[in-house]
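Here is the structure we will look at, set down as structure tokens.
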2 protein chains.
Amino acid sequence: MASRAKATILDIAREAGVSKSTVSLVLQGSGLIRPETALKVRKAIEDVGYVYNRGAANLRKAHSNVIGMVINDLTNPFFAEMAVGMERVFQSAGVVPFIANTAENPVRQEEVLKSLMEQGVAGLIVSPARGTTPGAFRRIETAGLPIVFTMRRLPESRIPVIAPDNHRGARLATAHLIGKGHRRLAFFGGSSDLVVYHERLGGFREACEALGIASRDTLVVEGETSRRGGIACLETALAMAEPPTAALCFNDAVAFGVMLALRKRGLEPGADFAVVGFDDVVEAQHYMPALTSVAVDSAGLGERAAHVMLKMIQSRTTRAEDHIGAVNLVVRDSCGPDRRAGMGDAA
Amino acid sequence: MASRAKATILDIAREAGVSKSTVSLVLQGSGLIRPETALKVRKAIEDVGYVYNRGAANLRKAHSNVIGMVINDLTNPFFAEMAVGMERVFQSAGVVPFIANTAENPVRQEEVLKSLMEQGVAGLIVSPARGTTPGAFRRIETAGLPIVFTMRRLPESRIPVIAPDNHRGARLATAHLIGKGHRRLAFFGGSSDLVVYHERLGGFREACEALGIASRDTLVVEGETSRRGGIACLETALAMAEPPTAALCFNDAVAFGVMLALRKRGLEPGADFAVVGFDDVVEAQHYMPALTSVAVDSAGLGERAAHVMLKMIQSRTTRAEDHIGAVNLVVRDSCGPDRRAGMGDAA
DNA sequence: CCTATTAAATGGAACGTTCCAATAAATCAA
DNA sequence: TTGATTTATTGGAACGTTCCATTTAATAGG
């Protein structure tokens, strides 16, 4: 059934008693070959255990059917959710996405991008690693390969971005906290080398300003975007002379860390200290207490990014509009009852 | 800087005033070329914006440096952790892993495997989707491509498997519950079309038998391996005449669901009903209450799988030993205090 | 029956690399 | 100086496809 050396279309041709061109045509589902011939060929393909060599084909055809998906942190469930959204649309377009993880490491990212390009992908969807240098994508751009960024953008780049409305989300969340009666607010986690950070922090600041919170009553603590980072942020904040009573966290992971640290201190999240997260990962609703968070529709963003990519490939362009996804605040228990009256607003 | 059509080694050769062979040699880092020539070539490579065409190269070379990693559920943090372990060892071996998600869908799995093979991967690490037919990997095997299974095995297959000691883990956990004084035990989640399920259930049964729990005092409820499945399992169990007082769950996701459902019923996990999970994902220790779970060292298993794969590729064989990873029970709060005395054992 | 048209199948060149065998240049032994 | 050896470089064939131009076979029109 399986000859040692791998079979090629010539082997199939010999087996089926036709020419290699005919086999090639069958492989591409051309309508030019007689159905009976096609059948004979297909049988031969099965018999010799043929596997198509896309590398050889691409040598002539140029366009492959794989697109690369480069993700900065696979362990963040947020990205997994986004990936699932993308896969849904790619699948129905006959495109196969290959995922590669950079683990937030620009060097690794470089390697991964190189490998993907060498492999001849048709396009790249990237959530850039922190600390990516501005020139990191120059090569890919000049090669004319379509790229779209998701979630994160690079400072000066002209590459299209698919991301949630970070500014608005942060503003909403902050206003909600202020509406609950909090007067000393903190922004926890993230670091200023991320554009997203500035967007979210900007929304936070804007809401404070608009609603009459003096900037000396706000506290900004940078930190890792992980549970650990959240724990550290809370420690820092509580060590202050007049600590905040509520915090907007850079993302849900940070928020989980903050809640953990509160508990460890004997404080109850929600009652003693309000916390709200960002991203609304699935865990958020299952936590104790359930986490109030800014929902960004990760799967939807993934789908959108995939669509944009398909369109770019199809129209062989390297330009596309940015897409800023709608966000909405999902109010749960982690920001507690009103400080004055009762009743929480629904999302 | 970038000519429109993509540059080939011939363009480089022309630019540098050498032959294509020389360029090829430089590309491979051969020591045969004079350093100054190499430098000149490298400059030309930069100038023309060259990107290596691995497809063309593989046409002659046979072995590529990418291996495919096929995962049944990317949203399960467990697999992400495993993936990270693999990446660590592959990176230092100069191998790039491409990850593809099958979303537990055998048809999708088929497509993904096909695509990966066509792409000319050097090997495949697979956690098979539920419902994978026994013959699904025949093609790949006869093609002589190395495969290793992780976590799951197929009923009759000779493909090497890297997995935790499910039987022992379940036995340990069950014995722990019995040691705490529980007499009516349940096994929650999973379904019998998974080999893992039988292994874990087997361990559960063996412990019960060995420690004098009659099988009429045990309850087995199949269900989805997710939070939702866990919720359903608990509902079913509590509807019984003499409900169990403790449960071993198929995995942590199920356990989280069970704890959630307990809370919803006004029962306190740990105090009113003991639950232990399986896998020990990072969330386990952060839950309220913290989840007792069987730690399987996912990253370690990933590393192991990667090592086995590298060895198979290197020795061009398609056979390898199975590896059963050590497990250990991490006791936390979700299985409560002893029903008789106090004091929990440390992990 | 011959020619024009359509349908089906085919040979050969090209794609971008690697690698072998061959050449050219430099160095060494005598 | 000559031949042998080493060091650098090179042309050409091969890898497995696709696609164009061509051939062959079948069908239709008159």
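Just so we're clear, the structure is a prediction, and the values are computed from it rather than from any experiment. Every chain is numbered from 1, with letters handed out A, B, ... down the list of sequences.
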Check your understanding: So what does B/L27 touch, heavy atoms closer than 4.0 Å: a base, only the sugar-phosphate, or nothing?
Key -> nothing
Nearest heavy-atom contact between B/T75 and A/A80 is CA-CB, 4.0 Å
Rounded to whole Å, CG of B/L10 lies from P of D/dG12 at a distance of 13 Å
Here the distance between atom C1' of D/dT23 and atom CG of A/L32, to the nearest Å, is 15 Å
Q.
Donor-acceptor pair, distance only, cut-off 3.5 Å: does the side chain of B/E46 make one with the backbone of B/R42?
A. no
* Below 3.5 Å, does any donor atom in the side chain of B/S21 face an acceptor in the base of D/dG11, or the other way round? -> yes
Separation of D/dT10 atom P from B/R14 atom CZ, nearest Å, is 14 Å
ask   = Are B/R34 and D/dT7 close enough that a side-chain N or O sits under 4.0 Å from OP1 or OP2?
value = no
Query raised in the report: Can you tell me if A/S64 uses its side chain to pair, donor with acceptor, with the backbone of A/G120 under 3.5 Å?
Result: yes
Any donor-acceptor pair under 3.5 Å linking the side-chain atoms of A/S115 with those of A/E111?
no
Between B/T37 and B/A56, whichever has its closest DNA chain D nucleotide further toward 5' is B/T37
query = For A/T8, which contact category applies under a 4.0 Å heavy-atom criterion: base, sugar-phosphate, or nothing?
reply = sugar-phosphate
Sidechain-backbone polar pair: B/E104 side chain, B/R130 backbone, donor-acceptor under 3.5 Å:
yes
Please assess B/S19 against B/T22 for the test side chain to side chain donor-acceptor pair (under 3.5 Å), listing each intermediate value before the final yes or no. CA-CA 5 Å; B/S19 78; B/T22 304; 3.2 Å; yes
- Salt bridge flag under 4.0 Å for residues A/E15 and A/K40: no
One would report the end-axis bend of the helix from C/dC1-D/dG30 to C/dA30-D/dT1, five pairs per end and rounded to 10 degrees, as 50°
| request: Measure from the side-chain N and O atoms of A/N58 to the backbone N and O of A/G55, and report whether any donor-acceptor pair falls under 3.5 Å. | output: no
Min and max contacting nt of DNA chain C in 5' to 3' order, chain A heavy atoms within under 4.0 angstrom, are C/dA8 to C/dG16
Q) Are the side chain of A/R54 and the backbone N or O of B/E118 linked by a donor-acceptor pair below 3.5 Å? A) no
task = Using a 4.0 Å heavy-atom cut-off across all strands, classify B/I33 as base, sugar-phosphate, or nothing.
result = sugar-phosphate
